[in-house]
Amino acid sequence: MQKTPVKKSIKTLDFNCDLAQGYGVYKNTSEYDFLDYVSSVNISCGFHAGDPQTIKKALLTAKEKNIVIGAHIGFADIQGFGYRAMDLSDDELEALVIYQVGAIMSFAKAYNLEIEHVRPHGAMYKRAAEDFRFATVIARSIQKCSQWLTYCGLSGEIIEKIADYIKIPVCEEIIIDKQYTQDLAIEYNLPDITDTETCIKRLQTILHTSQVNNSSDGLTIANIDSIHFSNKHSNSLEIIQRANSLIKPEPVRYGRVKASGWVD
């Protein structure tokens with residue numbers, strides 16, 4: 001059954017960011033500055049970004065920081081960094097997903113690590129938030145890799161239907177610097193929100209009311225498990241540092257683990 005968003009305060013929340021976004025001589029060293037402020041990371045799998053050495057460093061650094069690890073899957077488009085859409089058959093999409101998730105799972109296992117979630121990137125993320133059939137193929141492909149993996153994507157009707165239809169754990173996220181319609185679709189034709197105070201006020205609203213500011217100057221109630229932070233703006237680090245002063249992030253469903261008595 002689809003979850004109905006309820007206006008309420010949020011007590012626990014995951015913060016996630018992307019990692020291993022470099023490739024070859026193209027490095028992104030600033031992404032590691034975020035690791036003291038997030039509770040989970042999405043590690044690129046080598047298709048839109050990431051190479052073996054970059055992925056290895058990302059895995060070992062996340063292990064050192066004790067951060068939940070996920071696979072960041074995307075279209076095979078390093079030149080366009082995964083932002084160009086590709087028209088694939090269901091079989092082609094399934095193979096693309098399994099190849100990438102399987103690579104990160106095996107890489108992680110070599111260092112006694114496990115990945116816990118899968119998050120699409122760029123054009124794949126956009127279509128998965130708009131196209132139920134496309135998202136269904138992704139979810140089923142993730143399940144073929146492991147029944148325990150969580151599918152992470154944009155909060156809203158499609159991911160909630162996926163959770164019910166495919167019976168897969170999901171993580172509903174909001175990207176803090178994106179603008180949204182009243183229906184929680186990302187306004188890709190509008191610029192990112194780069195002002196620190198505006199982003200922090202948005203997060204405060206989310207924490208107090210489970211509502212997201214929309215482009216119609218209103219608020220939309222949402223089910224939110226995680227907030228995604230990018231590092232592409234000059235003040236991105238400041239934003240996530242300020243966010244940490246509002247709430248200390250915890251991995252998705254970690255609160256349930258604590259309640260069970262498995263951890264202190």
Examine the side chains of [X] and [Y] and answer whether a donor and an acceptor come within less than 3.5 Å of each other.
X      : Y      : value
Asp14  : Ser226 : yes
Glu172 : Ser155 : yes
His233 : Asp177 : yes

For [X] and [Y], indicate whether the former's side chain and the latter's backbone hold a donor-acceptor pair under 3.5 Å.
X      : Y      : value
Glu94  : Asp90  : no
Thr198 : Thr194 : no
Glu238 : Asn235 : no
Thr61  : Ala58  : no
Gln182 : Asn214 : no
Gln143 : Lys167 : yes
Ser215 : Tyr180 : yes
Ser216 : Gly218 : no

Mark yes when over 12 heavy atoms from residues, nucleotides or ligands other than [X] sit less than 6.0 Å from its [atom1]; otherwise mark no.
X      : atom1 : result
Phe132 : CZ    : yes
Tyr99  : OH    : no
Asn66  : CG    : no
Lys144 : NZ    : no
Glu114 : CD    : no
Lys56  : NZ    : no

If we only count heavy atoms from C-beta on, is the [X] to [Y] side-chain gap below 4.5 Å?
X      : Y      : answer
Thr136 : Ile162 : yes
Ser39  : Pro251 : yes
Ser210 : Asn223 : no
His117 : Val252 : no
Asn16  : Val68  : no
Ile142 : Val97  : yes

ask   = Between His72 and His48, what is the ring plane arrangement, given parallel below 30°, perpendicular above 60°, and tilted in between?
value = perpendicular
Do [X] and [Y] sit in one hydrophobic cluster, given that two such residues count as connected whenever their side-chain heavy atoms are within less than 4.5 Å of each other, even indirectly?
X      : Y      : answer
Val101 : Tyr111 : yes
Phe34  : Ile200 : yes
Leu149 : Ile98  : no
Trp148 : Ile168 : no
Leu207 : Leu219 : no

message = Working note: Val118 + Thr150, criterion side chain to side chain contact (heavy atoms under 4.5 Å, CB included); need CA distance, chi angles, decisive distance, verdict.
response = CA-CA 6 Å; Val118 179; Thr150 294; over 6 Å; no
key: Partner set under ring-ring contact (aromatic ring centres under 6.0 Å, His included) for Tyr151, not counting sequence neighbours   = none
Roughly how far, to the nearest 0.5 Å, is the [atom2] atom of [Y] from the [atom1] atom of [X]?
X      : Y      : atom1 : atom2 : value
Asp36  : Lys65  : CG    : NZ    : 3.5 Å
Leu113 : Met105 : CG    : CE    : 12.0 Å
Asp18  : His121 : CG    : NE2   : 7.5 Å
Ser141 : Asp91  : OG    : CG    : 9.5 Å
Cys171 : Ile224 : SG    : CD1   : 10.5 Å
Ile67  : Cys17  : CD1   : SG    : 7.0 Å

What closest approach, in Å, do [X] and [Y] show between heavy atoms, and which atom pair accounts for it?
X      : Y      : result
Ala71  : Cys45  : CB-SG, 3.9 Å
Asp87  : Glu92  : O-OE1, 4.4 Å
Asn42  : Arg119 : ND2-CD, 3.5 Å
Leu154 : Leu184 : CD2-O, 3.4 Å
Ile240 : Val38  : CD1-CG1, 3.4 Å
Pro120 : Tyr125 : O-CD1, 3.3 Å

task = In sequence, state the C-alpha distance, the side-chain angles, and the governing distance for Ile138 and Leu93, and then conclude on side chain to side chain contact (heavy atoms under 4.5 Å, CB included).
result = CA-CA 7 Å; Ile138 291 176; Leu93 179 59; 4.1 Å; yes
Reference residue Leu13; test side-chain contact (heavy atoms from CB on, under 4.5 Å); the match among Leu246, Ile247, Ile174 = Ile247
Sole residue of Thr54, Leu19, Ile69 in side-chain contact (heavy atoms from CB on, under 4.5 Å) with Leu59 = Ile69
key: From CA spacing to verdict: side chain to side chain contact (heavy atoms under 4.5 Å, CB included), Met124, Met86   = CA-CA 8 Å; Met124 185 182 285; Met86 298 181 69; over 6 Å; no
Note: Asp192-Lys232 ion pair, threshold 4.0 Å (strictly below) = yes
request  = Quickly, which of Lys126, Arg127, Arg133 forms a salt bridge (Lys or Arg N to Asp or Glu O under 4.0 Å) with Glu130? Name it, please.
outcome  = Lys126
message = Could you walk me through whether Glu160 and Val170 satisfy the side chain to side chain contact (heavy atoms under 4.5 Å, CB included) test, starting with their C-alpha distance in whole Å, then the side-chain angles of each, then the deciding distance to 0.1 Å, before giving a yes or no?
response = CA-CA 8 Å; Glu160 290 168 10; Val170 299; 5.9 Å; no
request  = Assess the pair Phe229 and Tyr37: is the distance between their ring centroids shorter than 6.0 Å?
outcome  = no
